[in-house]
Protein chains: 2
Amino acid sequence: MNLAVKTYTTGEIAKICGVNFRTVIRWIEKGYIEAYKLPGRGDNRVTEDSLVKFLKNNNMPIPSEIETVNKRVLVVDDDEKMARAISRTLKKAGFDTDIAHNGFIAGSKLEVFKPAVMTLDLKMPGISGLEVIHYVQNSEQLVNLKILVVSAQDQKELDEAVQKGASDALSKPFKNSELVARVSQLIGVN
Amino acid sequence: MNLAVKTYTTGEIAKICGVNFRTVIRWIEKGYIEAYKLPGRGDNRVTEDSLVKFLKNNNMPIPSEIETVNKRVLVVDDDEKMARAISRTLKKAGFDTDIAHNGFIAGSKLEVFKPAVMTLDLKMPGISGLEVIHYVQNSEQLVNLKILVVSAQDQKELDEAVQKGASDALSKPFKNSELVARVSQLIGVN
DNA sequence: GCTCAACCTGTCTAACCTGTCAAATGTAAT
DNA sequence: ATTACATTTGACAGGTTAGACAGGTTGAGC
C-alpha cells in the first residue's frame with residue numbers, strides 16, 4: 001500500500017516553470033493550478049498529477065524527472081496462445097506488458113495497470129470490440145489510451161474500427177516487426 | 001465483528017499529506033488534528049475518522065484506500081431491464097448505484113466507481129461469473145469488494161458461487177426487500 | 001511607429017510556518 | 001539482552017505567505 005503522494009511547493013514549481021514563486025502563488029489563486037492548502041499558514045501543495053496537467057494545458061516543457069514515460073501495453077485476446085505471443089514480442093522490444101483474456105479482466109486492468117496502449121482482438125466472446133472502443137472514447141479516465149486493433153477479420157471491419165475510434169489496426173497474421181512498429185508509433189506519438 | 005480501529009502514526013500521516021512528520025506533530029499540538037497519546041513516551045495516534053475529518057476540513061486529497069463510508073453498489077447484468085430494476089430498488093434504499101452491461105465495463109467501473117458491493121449475474125454472455133469471482137478474490141485492489149450473486153440458476157450453482165468466494169447469493173426472482181436486506185447486510189458488516 | 005491602459009511579473013519586507021538535524025527514548029523483532 | 005527502527009523534542013536554518021510597489025509585456029487605437 002503506497003499512500004505517499006509526491007507533492008510540490010510553490011518554490012519547486014517556480015524553478016520548474018522558470019518563474020518567480022510569487023507568480024506561482026498567483027497562478028494558484030487564479031485557479032490555473034489546482035492546489036490545496038496546509039492548515040498552518042496556508043502553504044500551497046500541488047500534487048504531481050495536477051502539476052503535469054497544468055504543464056500540459058499550457059504546452060510547457062515537462063521535466064524528465066516527473067514525466068513517467070509510459071511503455072505499458074495491455075494485450076487483450078481470449079486466445080491464450082496469441083496473447084502470449086503478442087506479449088512476448090512486445091516485451092522483447094522493451095515494452096511492459098500484461099494480458100487480459102476476457103472483457104472483465106481487460107476493463108479492470110485498464111484502470112490498475114494504466115497502459116499507454118491496448119491491443120484489442122475485435123472478436124471476443126460476449127463482448128464487441130466496437131463497444132469497447134466506444135466506451136474508451138467516452139471515458140474521461142482513458143482519453144489518452146491508444147487502441148491497436150489486432151484481428152483476423154477482413155479489412156472492412158478493421159477500417160470500421162479505426163473509423164469508430166481505434167488508433168490503428170493490424171490484421172492477423174502479422175509480422176512481429178510490424179506489431180512492434182505500430183505500438184512504438186502509438187507510444188511515441190502519445 | 002471487527003473490533004480493530006485503524007489508526008495512523010505521525011509518520012504515516014506525514015506521507016499522506018506530503019509534509020514532514022515534525023509538521024504533523026505541530027498540527028496535532030495546535031489541535032488541527034484530533035489525536036490521543038500512548039502511555040509510554042506519548043506517541044500520537046490518530047483514528048481514521050479523525051484523519052479523514054482533518055483532510056476534508058482542509059480540502060486535502062484523500063487516498064482512496066482510506067475512504068470511509070462507501071454505499072456504492074455496482075449492478076452487473078447484461079439484461080438491461082433487470083439491471084435498471086435492481087439499480088432503482090437500491091437507489092430508493094439510499095445506495096449509490098451504477099450499472100455495467102458487460103464484463104468489460106464491469107471491470108473498468110469496479111476500479112473507477114470503487115463500489116463496496118457488486119451484484120453479479122452469473123450467466124452473462126462470454127464471461128463466467130465464477131471467473132469474475134476468482135479474479136476479484138485474487139486482486140489486491142478488490143479485497144474489500146463484496147459480491148452478491150443474483151441469478152436465475154438453480155440453487156446448486158448459487159451455492160457453488162458462494163463456496164468459491166461470493167459473499168452471498170440471491171436467486172431470481174426475488175423480493176425487492178430481500179435484495180435491499182442482503183446488500184445492507186454486506187455493506188454494514190464491511 | 002507611437003502612446004496608452006491594462007495586466008502580468010519580479011522584488012522587497014515582516015511574520016511565521018516548515019524542514020532538517022541530533023540526541024533521547026519507546027517499541028518490536030531477533 | 002541486543003538490535004533495528006520509529007517517534008518525540010528542542011533548536012536552528014530555510015522556505016512560504018501576503019501586501020505593496022516598480023518594471024516589463026501585450027494589444028488596441030491613432
Side-chain angles (χ1 to χ4, degrees), chain A residues 1-68, chain B residues 1-68 140-141 143-144:
Chain A
M1 180 153 62
N2 180 21
L3 292 171
V5 177
K6 169 68 180 165
T7 59
Y8 293 85
T9 64
T10 51
E12 289 168 343
I13 296 174
K15 277 181 200 154
I16 291 173
C17 299
V19 297
N20 191 278
F21 71 86
R22 194 73 190 78
T23 301
V24 174
I25 293 175
R26 291 182 183 122
W27 288 347
I28 291 172
E29 282 172 355
K30 298 204 168 183
Y32 299 145
I33 308 178
E34 194 181 320
Y36 62 93
K37 289 183 180 299
L38 300 186
R41 177 183 34 190
D43 286 26
N44 292 288
R45 287 297 132 93
V46 178
T47 65
E48 192 158 284
D49 282 352
S50 297
L51 177 57
V52 171
K53 201 202 303 183
F54 166 75
L55 293 173
K56 279 189 180 164
N57 280 346
N58 294 279
N59 295 317
M60 296 168 81
I62 301 176
S64 54
E65 300 94 83
I66 69 174
E67 188 186 31
T68 48
Chain B
M1 179 105 72
N2 181 16
L3 291 171
V5 176
K6 170 69 180 164
T7 59
Y8 295 85
T9 64
T10 52
E12 289 168 343
I13 297 173
K15 279 182 198 155
I16 291 172
C17 299
V19 298
N20 191 279
F21 71 90
R22 191 73 189 81
T23 301
V24 175
I25 293 175
R26 291 181 183 123
W27 288 347
I28 292 173
E29 283 170 355
K30 297 204 170 182
Y32 298 142
I33 308 179
E34 194 181 320
Y36 61 92
K37 287 183 181 299
L38 300 184
R41 175 184 39 188
D43 287 25
N44 292 287
R45 286 298 131 91
V46 177
T47 65
E48 192 159 283
D49 282 352
S50 297
L51 177 56
V52 170
K53 200 202 306 180
F54 165 76
L55 293 174
K56 280 187 179 163
N57 280 346
N58 293 279
N59 295 315
M60 295 168 81
I62 301 176
S64 56
E65 293 93 308
I66 69 174
E67 207 154 7
T68 47
E140 211 172 298
Q141 327 277 333
V143 281
N144 292 320

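Heavy atoms only: backbone and side chains are in, while hydrogens, waters and symmetry mates are out. Chain letters run A, B, ... following the sequence lines, proteins first, then strands; residues in each count from 1.
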Listed pairs, N/O of protein and of nucleotides 25-28 of chain C, under 3.5 Å:
from: C:dT25; atom 1: O2; to: B:R41; atom 2: NH1; distance (Å): 2.4

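For the atom pair CG (B:N58) and CG (A:L38), the distance works out to 8.0 Å, reported to the nearest 0.5 Å. Note: B:I16 CD1 to B:L51 CG = 5.0 Å, rounded to the nearest 0.5 Å. Atoms CD1 and CZ, on A:I62 and A:F54 in that order, are 11.0 Å from each other to the nearest 0.5 Å.
Side-chain contact between A:F21 and A:K15: absent, with no pair of heavy atoms (C-beta onward) separated by less than 4.5 Å. Counting only heavy atoms from C-beta outward, the side chains of A:P39 and B:I33 never approach each other to under 4.5 Å.
Counting all heavy atoms, side chain and backbone alike, B:L55 lies closest to B:P63 at CD1-CD, 4.3 Å. Closest of all the heavy-atom pairs between B:A35 and B:I28 is CB-CG2, 3.8 Å.
When the local axes at the two ends of the helix from C:dG1-D:dC30 to C:dT30-D:dA1 are compared, using 5 base pairs at each end, they differ in direction by 60° after rounding to 10°.
Residues passing the salt bridge (Lys or Arg N to Asp or Glu O under 4.0 Å) test with B:K53, sequence neighbours excluded: B:E34.
Here the P atom of nucleotide C:dC16 and the CG atom of A:N44 are 19 Å apart, to the nearest Å. When rounded to the nearest whole Å, the span between NZ of A:K37 and C1' of C:dC17 equals 13 Å. A:K30 places its NZ atom 8 Å from the C1' atom of C:dC7, with the value rounded to the nearest Å.
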Identify every side-chain donor-acceptor pair in residues 41-50 of chain A under 3.5 Å, counting partners at least two apart or on other chains, and give the distances.
from: A:R41; atom 1: NE; to: A:D43; atom 2: OD1; distance (Å): 2.8
from: A:R41; atom 1: NH2; to: A:D43; atom 2: OD1; distance (Å): 3.2
from: A:R41; atom 1: NH2; to: A:D43; atom 2: OD2; distance (Å): 3.0
from: A:N44; atom 1: OD1; to: A:K37; atom 2: NZ; distance (Å): 3.0
from: A:T47; atom 1: OG1; to: A:S50; atom 2: N; distance (Å): 3.2
from: A:T47; atom 1: OG1; to: A:S50; atom 2: OG; distance (Å): 3.0
from: A:E48; atom 1: OE1; to: A:Y8; atom 2: OH; distance (Å): 2.8

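Environment of OH in A:Y32: sparse, with no more than 12 heavy atoms of neighbouring residues, nucleotides or ligands closer than 6.0 Å.
Mapping heavy-atom proximity under 4.0 Å, the span of DNA chain D touched by chain A runs 5' to 3' from D:dG15 to D:dA20.
Sorted by first then second residue, the side-chain hydrogen bond (donor to acceptor under 3.5 Å, both in side chains) pairs that include residues 22-31 of chain B, not counting sequence neighbours, number zero.
Considering only side-chain N and O atoms, A:W27 lies nowhere under 4.0 angstrom from the phosphate OP1 or OP2 of C:dC8.
The stretch residues 13-25 of chain A comes close to DNA chain C through A:V19, A:N20, A:R22, A:T23, each having a heavy atom under 4.0 Å from the strand.
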